[in-house]
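What follows is a short report on a single structure.
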Amino acid sequence: MASRTTAALPSAMLILRLLTLVLLVASLALIAADKLKVDGDPPQQFTFKDVHAYRYVLAVAVVGCAYTLLHLTFAAVGVARRKRLVGGGGGSGSEDVALLLVVPDVAFALLLAAGAAAGLGFTHDVKRYFDGVVLHRDVDRFFDLAYASAGLMLAAAACTALMIIPSVYSLVKSQ
């Protein structure tokens, strides 16, 4: 039974990395496509570039996609070799390699959570502020897309946190 769990762990990590990548790409696409045209004299157009919190969401999504693509190769190699890269119990250097893989994942999960919090917090405050005022349908859509983008980023942070748990457990178990 333990060998089945050991064999399933690299596949689960690969699936979680792929899911994280898909969530981040969707978040990136939503925030980058978020536009608002306001009729007026002169007509104006607003995008994520006009809101600092949304710029941060976009930047975190770009960095997250690059980081996840990098680590996706490690996960794919782990599945191909049918062994764990973290906590493999190989030798004295395996703990150093494990720490090298786990610590950036923790930092990355925190970065994703901060990006999601910035987008969700700003959008919530703006929508609450304008709650008494009738929001135009397009304005409401602009903020709803930003909500969706930040929500997808939060889901990617949760996937990353799920990847950290078995890695840390196997690190502690190898001690």
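Index from 1, following the sequence.
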[X] and [Y]: which non-hydrogen atoms are nearest, and at how many Å?
X	Y	value
S149	I31	OG-CB, 3.4 Å
A118	A53	O-CB, 3.8 Å
V60	G115	CG2-CA, 4.2 Å
Q45	K37	OE1-CE, 3.8 Å
A32	L58	CB-CD1, 4.0 Å
G64	F108	CA-CE1, 3.2 Å

Candidates L19, L154, L18 - the one meeting side chain to side chain contact (heavy atoms under 4.5 Å, CB included) with C159: L19
Atom [atom1] of [X] and atom [atom2] of [Y]: how far apart are they, to the nearest 0.5 Å?
X	Y	atom1	atom2	value
L30	D144	CG	CG	11.0 Å
D105	L112	CG	CG	10.0 Å
C65	L72	SG	CG	11.0 Å

Between Y67 and H71, do the side chains contain a donor N or O and an acceptor N or O under 3.5 Å apart? yes
For T68 and T20, test the side chains for any donor-to-acceptor distance below 3.5 angstrom and give the result as yes or no. no
Are [Y] and [X] connected into the same hydrophobic cluster when the rule is that any two of I, L, V, M, F, W, Y join if their side-chain heavy atoms are below 4.5 Å apart?
X	Y	answer
L70	V22	no
Y56	F48	yes
Y129	V51	yes
F143	L36	yes
V102	L110	yes

Considering only heavy atoms from C-beta outward, does the side chain of V57 approach that of M153 to under 4.5 Å? yes
Verify salt bridge (Lys or Arg N to Asp or Glu O under 4.0 Å) between D50 and K35, making sure each step is shown before the conclusion. CA-CA 10 Å; D50 297 311; K35 293 182 177 126; over 6 Å; no
Would the distance check show the side chain of T123 and the main-chain N or O of G119 forming a donor-acceptor pair, the cut-off being under 3.5 Å? yes
Is K49 salt-bridged to D34, going by a charged N under 4.0 Å from an acidic O? no
Side-chain ion pair, K127 and D140, N-O less than 4.0 Å: yes
Please confirm whether the ring centroid of F142 lies under 6.0 Å from the ring centroid of F46. no
If the plane angle is over 60° it's perpendicular, under 30° parallel, otherwise tilted; pick one for F122 and Y54. perpendicular
Applying side-chain hydrogen bond (donor to acceptor under 3.5 Å, both in side chains) as the test, list every pair that has at least one member in residues 154-164; sequence neighbours left out. none
